[in-house]
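Naming: A, B, ... by sequence-line order, numbering from 1 per chain.
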Number of protein chains: 2
Amino acid sequence: MHSPKRMLFLDLVLSVFRLNGLLIAEGDAMTEKLGLTSARWKVIGVIALSNAGLTVPGIARVLGQSRQAVQRITDVMVSDGLLSYQRNPQHKRSVLVTLTEEGKSAYNALREVQDPWAVENTEDIPIDELDVALRLVRRLINKFDK
Amino acid sequence: MHSPKRMLFLDLVLSVFRLNGLLIAEGDAMTEKLGLTSARWKVIGVIALSNAGLTVPGIARVLGQSRQAVQRITDVMVSDGLLSYQRNPQHKRSVLVTLTEEGKSAYNALREVQDPWAVENTEDIPIDELDVALRLVRRLINKFDK
DNA sequence: CAGTTTATGCCAGCATGTTGTCATTTGACT
DNA sequence: AGTCAAATGACAACATGCTGGCATAAACTG
C-alpha cells in the first residue's frame with residue numbers, strides 16, 4: 001500500500017482546497033474596486049455567457065451550487081441594480097435573470113482586470129501543462145458530478 | 001488576444017471552483033458515518049501529521065485559513081471529545097491542540113474510507129497526469145500565497 | 001384528462017469562512 | 001532594561017454556502 005498514486009491524489013485534493021481559497025482571495029482583491037465579490041462575479045460571468053438570460057435554478061446548475069444560495073445573491077444584486085428579473089415566457093413563476101446596463105459595465109470592467117491577470121499568471125507555464133491539468137480536473141468533476 | 005493560454009487558464013480557475021465544491025461534498029458523504037464534516041477532518045488530518053501537537057494559528061497556517069475559523073472548529077471538537085488542549089511549554093497563552101483517543105480513532109476510521117476512495121478514483125488516470133496537475137497546482141499556490 | 005412526480009419560490013436554521021477590533025503576551029531590537 | 005511590532009485569544013458582524021420544509025406551478029404518465 002501507500003501507492004504513490006494514492007499519495008499523489010490525496011495531495012492533489014488538499015492542494016485543490018488550498019488553491020480554491022487563494023483563487024477566491026485573488027478574485028476578491030482584483031474586483032474590490034468594482035464593488036464585486038467572488039459570489040457576484042461568478043453569477044455575472046454565467047449570465048454574460050448566456051444569450052437570453054437564465055433562471056435562478058439554471059445558474060445554480062451551471063455553478064454547481066444550490067438554487068437557494070444563488071437566489072439570495074441574485075436578490076441582493078437586483079437591489080443593487082446589477083441584475084434585473086424578466087418575465088419568462090416559458091415559465092409562469094421562474095423569472096429570467098439578466099444583466100442591467102450597470103451589470104454589463106461591471107462585466108466589462110471585470111474582464112479588463114481579469115484578462116491581464118490571467119496572462120500574467122500563465123507567462124511561465126507551458127500550455128501543455130495547463131491542458132493536462134484542465135483535462136484532469138474536468139475528468140474528476142465528471143466522476144464526482146453524478 | 002483571446003490567447004488559448006488565457007482561455008485555458010480561466011477555464012481551469014472555474015473548474016477548480018467546481019471541483020472544490022464536489023470534493024467537499026464527496027468528503028462529507030464519505031465521513032458522514034464517522035460524525036465528521038469536511039472542516040473537521042481537515043483539522044484532524046493536520047494534527048495527525050504533526051508530532052507534538054500544533055497551536056490554533058499553526059493549524060490555520062497549514063490550512064491557509066484564518067485562525068478564527070480554526071479556533072471555532074477546535075473549540076467545538078474539544079467539546080465533542082475529539083481534541084484536547086494541552087499546556088504549551090513554549091507559550092503561556094497559546095495552547096497545543098492534540099488528538100484524544102477518540103480523535104485518533106476518528107483519524108484511523110477516516111483513513112480506512114479515504115484510502116479506498118483515493119484508489120478507486122485514480123484507477124484510470126495515468127500517474128504522469130496526476131503528477132503534472134499536482135505540480136501545476138502547487139506552482140499556482142506558491143504564486144498566490146505571498 | 002386525472003393523478004403523480006418534478007421543479008421552483010420562499011422561509012428558516014445552521015456550518016463554515018472572512019474581516020475587524022481590542023487586550024495581552026511574545027519576541028526582537030536598540 | 002525598555003520599547004515597539006508581531007502573534008494570539010476572544011468576541012462580533014457579516015458573506016457564502018448547505019439542508020429541510022412547505023406551497024404552488026409545470027411536466028410527465030397512465
Side-chain angles (χ1 to χ4, degrees), chain A residues 17-32 35-44 46 53-80 82-83 85-97, chain B residues 17-29 31-32 35-44 46 53-80 82-83 85-97 144:
Chain A
F17 287 153
R18 189 94 178 74
L19 180 58
N20 179 75
L22 289 169
L23 285 176
I24 288 178
E26 280 284 308
D28 283 349
M30 197 164 51
T31 57
E32 196 181 7
L36 294 177
T37 60
S38 50
R40 292 173 178 225
W41 47 257
K42 285 182 196 172
V43 169
I44 287 185
V46 170
L54 288 169
T55 65
V56 167
I59 297 169
R61 279 187 289 266
V62 174
L63 290 176
Q65 290 182 344
S66 69
R67 62 200 168 83
Q68 292 89 336
V70 173
Q71 182 80 61
R72 189 175 37 190
I73 300 288
T74 56
D75 283 349
V76 179
M77 290 174 77
V78 167
S79 299
D80 291 351
L82 290 166
L83 304 180
Y85 293 140
Q86 308 289 334
R87 287 253 322 275
N88 184 352
Q90 266 75 48
H91 200 294
K92 192 182 289 182
R93 298 174 69 205
S94 198
V95 296
L96 292 176
V97 186
Chain B
F17 288 153
R18 190 94 177 74
L19 180 58
N20 180 76
L22 289 169
L23 284 175
I24 289 178
E26 279 284 307
D28 282 349
T31 57
E32 196 181 8
L36 294 177
T37 60
S38 51
R40 292 172 178 226
W41 49 256
K42 284 183 197 171
V43 169
I44 288 185
V46 171
L54 287 169
T55 64
V56 166
I59 298 169
R61 278 186 289 266
V62 174
L63 290 177
Q65 290 181 343
S66 69
R67 60 202 168 81
Q68 292 90 332
V70 173
Q71 182 80 61
R72 189 174 39 192
I73 301 288
T74 57
D75 283 350
V76 179
M77 290 175 78
V78 166
S79 299
D80 292 351
L82 290 165
L83 304 179
Y85 293 141
Q86 308 288 333
R87 286 252 322 275
N88 184 352
Q90 267 75 48
H91 200 293
K92 193 183 285 182
R93 299 174 70 204
S94 197
V95 296
L96 292 176
V97 186
F144 297 133

Original post:
NA contact type, B/Ser38, heavy-atom cut-off 4.0 Å: base, sugar-phosphate, or nothing?
Top reply: nothing
Original post:
Going by heavy atoms closer than 4.0 Å, what residues in residues 62-77 of chain A are next to DNA chain C?
Top reply: A/Arg67, A/Gln68, A/Gln71
Subject >> Separation of atom CD in B/Glu32 from atom P in C/dA15, rounded to whole Å >> reply: 14 Å
Original post:
Could you state the NZ-P distance from B/Lys42 to C/dA15, rounded to the nearest angstrom?
Top reply: 16 Å
Original post:
Nearest heavy-atom pair of A/Val76 and A/Arg40: which atoms, and what distance?
Top reply: CG1-NH2, 3.1 Å
**OP:** Please determine which of A/Thr74, A/Thr55, A/Leu96 meets the side chain to side chain contact (heavy atoms under 4.5 Å, CB included) test together with A/Tyr85.
**Re:** A/Thr74
**OP:** Verify side-chain contact (heavy atoms from CB on, under 4.5 Å) between A/Leu83 and A/Val78, making sure each step is shown before the conclusion.
**Re:** CA-CA 5 Å; A/Leu83 304 180; A/Val78 167; 3.9 Å; yes
Original post:
Counting distance only, does the side-chain N/O of A/Asp28 pair as donor-acceptor with the main-chain N or O of A/Ser38 below 3.5 Å?
Top reply: yes
Original post:
In whole Å, what is the span from the CG atom of A/Leu22 to the P atom of C/dG17?
Top reply: 14 Å
Subject >> Nearest-angstrom distance from the residue atom CD1 of B/Ile24 to P of D/dT16 >> reply: 16 Å
**OP:** Let me know the distance between CZ of B/Arg93 and P of D/dA6, rounded to the nearest Å.
**Re:** 17 Å
Subject >> Shortest non-hydrogen contact from B/Arg61 toward A/Arg18 >> reply: O-NH2, 4.4 Å
Original post:
Roughly how many Å is it from NZ in B/Lys92 to C1' in C/dT24, rounded to a whole number?
Top reply: 10 Å
**OP:** Taking side-chain hydrogen bond (donor to acceptor under 3.5 Å, both in side chains) as the test, write out the residues that go with B/Glu26, two or more places apart.
**Re:** B/Trp117
Original post:
Where do B/Asn88 and B/Ser94 come nearest, in terms of heavy atoms and distance?
Top reply: ND2-O, 2.9 Å
Original post:
With a non-hydrogen cut-off below 4.0 angstrom, is A/Thr55 in contact with a base, only sugar-phosphate, or nothing?
Top reply: nothing
Original post:
Measuring from B/Leu82:CG to B/Leu36:CG, what's the distance to the nearest 0.5 Å?
Top reply: 6.5 Å
Subject >> Helical bend (five base pairs per end, nearest 10°) for the helix from C/dC1-D/dG30 to C/dT30-D/dA1 >> reply: 40°
**OP:** May I ask you to verify if any side-chain N or O of A/Ser94 is less than 4.0 angstrom from the OP1 or OP2 atom of D/dA25?
**Re:** no
Original post:
When the distance from CD of A/Glu26 to C1' of C/dT18 is rounded to whole Å, what number comes out?
Top reply: 16 Å
**OP:** Report the distance from atom CG of A/Leu96 to atom P of C/dT8, rounded to the nearest whole Å.
**Re:** 12 Å
**OP:** Indicate, with a heavy-atom threshold strictly under 4.0 Å, whether A/Arg40 touches base, sugar-phosphate, or nothing.
**Re:** nothing
Subject >> Exercise: identify the closest heavy-atom pair between A/Ala39 and A/Ile73 >> reply: CB-CD1, 3.7 Å
